[in-house]
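For reference, the structure is listed below as structure tokens.
What you see is a predicted model; the values in this text were computed from it and never measured.
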Amino acid sequence: MTARILVVDDVELNVRLLEAKLSNEYFEVIAADNGPQALELAESELPDIILLDVMMPRMDGLEVCRRLKANARTTDIPVVMVTALSDIADRLRGLEAGADDFLTKPVNDIALFARVRSLVRLKRMMEEFRLREEVCGRFSSGNGTEAAEDTSPAKILLLKEPGFAATRIVETLTPVAKAVLHATSCAEAQRLIEDSVELVIASLSMPDADPLRLVSQWRASEATRQVPILLIAGEGELPRLAKGLDLGATDYLIRPVDRNELLARTRTQIRRKRLQDRLRENYHRSLSLALTDELTGLYNRRYVLAHLAELLARMPEGGTGTAVMMFDIDHFKQVNDRWGHPAGDDVLRELSERTLRQVRSVDLAARIGGEEFVVVMPETNLAGAAVVADRLRLVADQPFTLQGYDQKLPVTVSIGVAVTNSSSESLEALLKRADDALYAAKNGGRNRVVAAPPALSRIPVAIAS
């Protein structure tokens, strides 16, 4: 994994040392020797990670970090404070300013590379979620309202800490945890993590099991892939700690564990997890809005065209075929003119529900505009499509109930059906045949089903009326 790294330090020797180490691992390095220059480069270059010295003239690293996190363009760039200060209070001030981690001079190479790779992975994942949300948001009709940040207590899983240490950790986590589940074995942890856990805190010191195997398994599983994992290790366990970060652990603490730092890192991990969840939910919601019709809940034109194109591309030559049924409501304008658009909406919703009840689970129903609908039926010949079409016509012919009115409204539909057995027939040609059959049904007196002729013929065939 390569990345662009911004190194910020007012001492040139320190910059050259970090640059040499990182370049040797094939990272691209850009440098700044003061805070204002670092802010400019972060804004213009958008590095993957920033290694930031704390003690600098003009503007110290804490202030630079605060400004980076306050800027929408740079807020997701991970910041690692590099300092000669090892005091816990200084680390806490950095975490409160928004820093993602600390490295103490002289920088340990194992910790440096493991931390850089882990944070770069995190940044790219966040970028991907934000990009998906942005792209889908362009197609959706949502109002874009940002949900308030969830600060409620979280459920935390604590793995294999001895009794006294576990008690101290549980007490420390009281302000942020609604429950701390304590697993004493890997098997128990596997079971408990499925219980809506938002953070795992795992000790590397397990004489009877390997917690890194659990990290690997959790990252391989879709259900637990996004759960943050905070490792606790001793000073002599840095190589295994680096391996844990490579496998997907998101943060770590070195013993002896300071309570305030544990609390600060826990808050950060929970906040980040909830942000990822919110971005993912927004993405899926936007995707749903982009691909479904808001009124009826059916798929929309954009989706059905993409789905049908893919279906045709995969259809084997000489197979059963793919059927397209296109229908719309007869004299629908009269419904809107007499009863109003809310009544027309009721009819559209009810017809959509009736349609879904008449087709198979593998069939795809969509509203493609106004009162016009399409059903795509894979592996369906003309005889099978005709049966479904006539069944739908008869069901639609049953009166519709309008909300707010005592009487029932008679409604009929006209249906055109086209079937293709060849992947060489274009999407446009197939839809055109179905559309021509629909208009033939309209011109033939409505409330009927007409099948399109085969692609080489030009005579439509009436099936039922």
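- Under a 3.5 Å cut-off, the side chain of T174 and the backbone N or O of T172 do not form any donor-acceptor pair.
- Listed by chain and residue number, A32, D33, N34, L41 satisfy the side-chain contact (heavy atoms from CB on, under 4.5 Å) test with Q37 (two or more places apart in sequence, or in another chain).
- Between A389 and I415, the shortest heavy-atom contact is O-CD1, 3.2 Å.
- The number of heavy-atom neighbours closer than 6.0 Å to CZ of R314, taken from other residues, nucleotides and ligands shown, is 12 or below.
- Side chain of K21 to main chain of V107: a donor-acceptor pair is present (N/O by atom type, distance under 3.5 Å, no hydrogens or angles).
- With respect to the salt-bridge test (charged N to carboxylate O, under 4.0 angstrom), the residues R73 and E45 do not qualify.
- Using modelled atom types, no side-chain atom of T322 and backbone atom of P378 make a donor-acceptor pair closer than 3.5 Å.
- At least one side-chain heavy atom of M377 sits less than 4.5 Å from a side-chain heavy atom of V388.
- Note on R349 versus E353: no salt bridge recorded, every NZ/NE/NH1/NH2 to OD/OE distance being 4.0 Å or above.
- Neither side chain, D277 nor Q226, offers a donor N or O lying under 3.5 Å from an acceptor on the other.
- Contact record, A42 with T74: O-CG2, 3.7 Å, taken as the closest heavy-atom pair.
- Here the rule is salt bridge (Lys or Arg N to Asp or Glu O under 4.0 Å) with E198, and of K273, K155, R274 only R274 fits it.
- Here the closest heavy-atom approach between residue V375 and residue V359 is recorded as CG1-CG1, 3.9 Å.
- Side-chain contact check for S44 and E40: no donor-acceptor pair (N or O, by modelled atom type) lies under 3.5 Å.
- Other residues, nucleotides and ligands contribute at most 12 non-hydrogen atoms within 6.0 Å of the CZ atom of R213.
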**OP:** Would you sort out whether R117 and E25 count as a salt bridge (Lys or Arg N to Asp or Glu O under 4.0 Å), showing the intermediate values?
**Re:** CA-CA 11 Å; R117 293 188 178 102; E25 293 292 318; 3.0 Å; yes
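- With contacts defined as side-chain heavy-atom distances shorter than 4.5 Å, the pair L6/I49 does not qualify.
- Between D60 and R93, none of the side-chain N atoms (NZ, or NE/NH1/NH2) sits under 4.0 Å from a carboxylate O, so this pair counts as no salt bridge.
- Using a cut-off of 4.0 Å between Lys/Arg side-chain N and Asp/Glu carboxylate O, E63 and R66 are scored as salt-bridged.
- Of all heavy-atom pairs between R267 and P175, the closest is NH2-CB, 4.0 Å.
- Inter-residue side-chain proximity for T75 and N71 is flagged as unmet; no heavy-atom pair is nearer than 4.5 Å.
- When atom types are taken as modelled, the side chain of S221 and the backbone of Q217 share no donor-acceptor pair closer than 3.5 angstrom.
- Under a cut-off of 6.0 angstrom, the local environment of CD in E379 is sparse, with at most 12 non-hydrogen atoms contributed by other residues, nucleotides or ligands.
- With hydrogens and angles ignored, the 3.5 Å screen pairs no side-chain donor or acceptor of E237 with any backbone N or O of A233.
- Nearest heavy atom pair, residue N300 against residue A366, reads O-CB, 4.1 Å.
- Judged by distance alone, the side chains of R219 and T224 never bring a donor and an acceptor atom under 3.5 Å apart.
- The pair R354-E350 counts as a salt bridge, with a side-chain nitrogen and a carboxylate oxygen less than 4.0 angstrom apart.
- A salt bridge does not link E19 to R16: none of the charged nitrogens lies less than 4.0 Å from a carboxylate oxygen.
- A distance-only check finds no donor-acceptor pair linking the side chain of R67 to the backbone of L39 [under 3.5 Å].
- Looking at D363 and V376, their side chains never come closer than 4.5 Å, going by heavy atoms from C-beta outward.
- Side chains of V200 and P228 form no contact here, defined as non-hydrogen atoms less than 4.5 Å apart.
- Here the rule is salt bridge (Lys or Arg N to Asp or Glu O under 4.0 Å) with D100, and of R265, K123, R271, R272 only R272 fits it.
- Counting heavy atoms of neighbouring residues, nucleotides and ligands inside a 6.0 Å radius, atom OH of Y299 does not exceed 12 of them.
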**OP:** Take D195 and L181 through the test side chain to side chain contact (heavy atoms under 4.5 Å, CB included) and record every step on the way to the result.
**Re:** CA-CA 10 Å; D195 190 17; L181 310 177; 4.2 Å; yes
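- Salt bridge annotation for D48-R4: absent, with no cationic side-chain nitrogen under 4.0 angstrom from a carboxylate oxygen.
- Listed here is the closest heavy atom pair of L438 and F327: CD1-CA, 4.1 Å.
- Classification of E171 and R259 as a salt-bridged pair holds, one side-chain N sitting under 4.0 Å from a carboxylate O.
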